[in-house]
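Presented below is the structure to which this report refers.
Since this is a predicted model, take the numbers as computed values, not measurements.
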Amino acid sequence: MEPGTIDNLSILYQSSDFIVVNKHWDIRIDSKMWYETLTLQSQLRHRFPELADPDTYYGFRFCHQLDFSTSGALCVALNKAAAGSAYKCFKERLVTKAYLALVRGHVSQSRMTIRYAIGKNTTEGRTHMMCIDGTEGCENPKPCQSELIVLEHGSYSGDPVTKVLLQPLTGRTHQLRVHCSAIGHPIVGDFTYSLGQDSGPYRMMLHAYYLRIPARGELIEVRAPDPFVPAMDGNWQPQHVTRRLEDTIQELK
């Protein structure tokens with residue numbers, strides 16, 4: 001997947017009510033800053049000017065969020081009724097989301113449930129970050145749960161890494177990034193949660209791979225192509241397959 005430009009937005013799914021895009025890494029969904037002209041919202045306006053809704057601030061109704069650094073499947077509602085239907089699915093926890101990631105080190109367990117409560121970091125200089133309960137400056141931690149399944153062990157630029165499937169069972173800000181860091185396996189290229197140390201890779205290796213939303217009268221089910229394959233990034237060298245991605249997704253379904 002090449003870096004994002006105004007005219008290379010990839011569409012995974014489209015109907016009269018929804019569009020699902022494959023969001024590029026290092027692009028914000030929207031921005032009020034005059035200098036941030038390349039956003040997902042501006043890509044959508046460029047590609048679908050006729051679908052922009054004048055009743056919304058940004059022109060499009062985003063059903064959920066992805067971090068600036070995260071790529072992958074993101075659902076956009078094209079009208080108020082569709083947005084309400086999707087919102088209901090998220091509220092009732094009917095949505096299935098699964099992410100792919102490369103994490104530092106070789107994860108020894110084939111599967112684990114991560115349950116650290118997550119709160120806002122109030123430490124000076126880190127107020128843009130989240131943190132786990134019990135760490136200094138952690139404010140208002142709330143229960144969180146993520147599932148981690150090991151897919152492959154290998155190396156990235158010669159360093160040991162593990163390719164994993166991550167499923168957030170709750171929806172806290174930066175949840176997967178914080179949970180991976182908390183178990184000692186931070187996501188490759190996560191500049192923020194490595195405290196500025198992991199700056200070598202061209203992107204953070206977190207990708208929203210699978211999304212299933214059983215909206216009213218319409219089942220949305222998409223996969224955003226896996227970017228963590230040697231053909232796409234020669235720095236990633238898988239060495240041992242623990243579990244096939246396809247089998248894991250079928251199990252989630």
Are F68 and W25 near enough that their ring centres are under 6.0 Å apart?
no
Any side-chain donor near an acceptor of the partner, T113 and Q145, under 3.5 Å:
no
Is the number of heavy atoms from other residues, nucleotides or ligands within 6.0 Å of OH (Y87) greater than 12?
no
M205 pairs by side chain to side chain contact (heavy atoms under 4.5 Å, CB included) with which of T70, L100, V188?
V188
Got a salt bridge between R243 and E251, using NZ or NE/NH1/NH2 to carboxylate O under 4.0 Å?
yes
Hydrophobic clusters here meaning ILVMFWY residues chained together by side-chain heavy-atom distances under 4.5 Å, can you tell me if L38 and L40 are in one?
no
Spacing of Q43 atom CD and I29 atom CD1 [to the nearest 0.5 Å]
11.5 Å
When you measure from the side chain of T162 to the backbone N and O of V107, does any donor-acceptor pair fall under 3.5 Å?
yes
Can you see which heavy atom on S155 is nearest to which on Q239, and at what distance?
OG-NE2, 3.5 Å
Do I118 and K142 have side-chain heavy atoms sitting under 4.5 Å apart?
no
Testing the basics here: between P214 and C89, what is the closest heavy-atom pair and its distance to 0.1 Å?
O-SG, 3.2 Å
More than 12 heavy atoms of other residues, nucleotides or ligands under 6.0 Å from NZ of K253: is that the case?
yes
Could you check if a side-chain atom of R45 sits within less than 4.5 angstrom of a side-chain atom of L51, using non-hydrogen atoms only?
no
Are M232 and Y209 connected, step by step, through hydrophobic side chains (Ile, Leu, Val, Met, Phe, Trp, Tyr) whose heavy atoms are closer than 4.5 Å?
yes
Check the hydrophobic clustering (I, L, V, M, F, W, Y; side-chain heavy atoms under 4.5 Å; chains of links allowed) and say if V21 and L12 are grouped together.
no
CA sep, side-chain torsions, deciding dist, call: Y99, H207, ring-ring contact (aromatic ring centres under 6.0 Å, His included):
CA-CA 5 Å; Y99 293 69; H207 177 73; 8.6 Å; no
Can you tell me how far NE2 of H128 sits from NZ of K120, rounded to the nearest 0.5 angstrom?
9.0 Å
Would you say the side chains of E221 and Y13 form a donor-acceptor pair under 3.5 Å?
no
State the CG-CE distance between N121 and M130, to the nearest 0.5 angstrom.
9.0 Å
About how many Å separate CG of L74 and CD1 of I19, when rounded to the nearest 0.5 Å?
11.0 Å
Would you mind reporting whether S15 and E218 have side-chain heavy atoms less than 4.5 Å apart?
yes
Least distance between heavy atoms, V20 atom then A73 atom
CG1-CB, 4.1 Å
Could you walk me through whether N79 and D17 pass the side chain to side chain contact (heavy atoms under 4.5 Å, CB included) test, one step at a time?
CA-CA 6 Å; N79 54 67; D17 286 333; 2.8 Å; yes
S199 and F191, any side-chain heavy atoms less than 4.5 Å apart:
yes
Determine, stepwise, if the pair D53 / F60 fulfils side chain to side chain contact (heavy atoms under 4.5 Å, CB included).
CA-CA 6 Å; D53 187 341; F60 293 89; over 6 Å; no
Considering only heavy atoms from C-beta outward, does the side chain of T173 approach that of Q65 to under 4.5 Å?
no
If you apply the rule side chain to side chain contact (heavy atoms under 4.5 Å, CB included), what do you find for C75 with L211, and how did you get there?
CA-CA 9 Å; C75 185; L211 178 66; 4.0 Å; yes
Quick check: is L195 connected to I132 through a chain of hydrophobic side chains (ILVMFWY, heavy atoms under 4.5 Å apart)?
yes
Determine whether a donor-acceptor pair (N or O, by modelled atom type, separation under 3.5 Å) exists between the side chain of K97 and the backbone of P168.
no
Salt bridge (charged side-chain N to carboxylate O under 4.0 Å, His left out) assessment of R244 paired with E152:
CA-CA 8 Å; R244 290 179 63 246; E152 298 174 274; over 6 Å; no
For salt bridge (charged side-chain N to carboxylate O under 4.0 Å, His left out), just list the numbers for D226 and K163, CA-CA rounded to whole Å, side-chain angles, deciding distance to a tenth of an Å, and then say yes or no.
CA-CA 11 Å; D226 178 4; K163 184 174 180 176; 2.5 Å; yes
Around Y202, counting heavy atoms of other residues, nucleotides and ligands shown, do more than 12 lie under 6.0 Å from its OH?
yes
In a check of salt bridge (charged side-chain N to carboxylate O under 4.0 Å, His left out) between D198 and each of R177, R104, R203, which one passes?
R104
Are the side chains of Y210 and V222 in touch, meaning some heavy atoms are under 4.5 Å apart?
no
Could you report the tightest heavy-atom contact between A224 and G72, atom names first, then the distance?
CB-CA, 4.1 Å
Report the C-alpha distance between I213 and F90 in whole Å, list the side-chain angles of each, state the deciding distance to 0.1 Å, and finish with yes or no for side chain to side chain contact (heavy atoms under 4.5 Å, CB included).
CA-CA 8 Å; I213 306 175; F90 278 95; 4.0 Å; yes
Just checking, any donor-acceptor pair under 3.5 angstrom between side chains of S146 and H179?
yes
Interatomic distance, T56 atom OG1 to Q41 atom CD [nearest 0.5 angstrom]:
8.5 Å
Within the structure provided, determine whether N22 and P225 are in side-chain contact (heavy-atom separation under 4.5 Å).
yes
Answer with yes or no whether the side chains of S157 and D159 bring together a donor and an acceptor at under 3.5 Å.
no
CD/E124: more than 12 non-hydrogen atoms of other groups inside 6.0 Å:
no
Between atom OH of Y156 and atom CZ of F228, what is the distance when rounded to the nearest 0.5 Å?
9.0 Å
Which of parallel (below 30°), tilted (30 to 60°) and perpendicular (above 60°) describes H153 and H240?
parallel
Do any N or O atoms from the side chain of S42 and from the backbone of T37 form a donor-acceptor pair under 3.5 angstrom?
yes
How about M129 and H174: do any of their side-chain heavy atoms sit closer than 4.5 Å?
no
By the definition side chain to side chain contact (heavy atoms under 4.5 Å, CB included), identify the one residue from N8, L9, I6 that meets it with R47.
L9
Check whether H106 reaches the backbone of G154 with its side chain - one donor and one acceptor, N or O, closer than 3.5 Å.
yes
Which pair of heavy atoms, one from P141 and one from A117, lies closest together, and at what distance?
CB-CB, 4.1 Å
Are L165 and W236 joined in one hydrophobic group, where the rule is that I, L, V, M, F, W and Y side chains link up if heavy atoms are under 4.5 Å apart?
yes
Does atom CD of E92 have more than 12 heavy-atom neighbours, drawn from other residues, nucleotides or ligands, at distances under 6.0 Å?
yes
So does G234 get a backbone contact from the side chain of Q237, meaning a donor-acceptor N/O pair under 3.5 Å?
yes
Closest non-hydrogen atom pair between S69 and M204, with its separation:
CB-CE, 3.5 Å
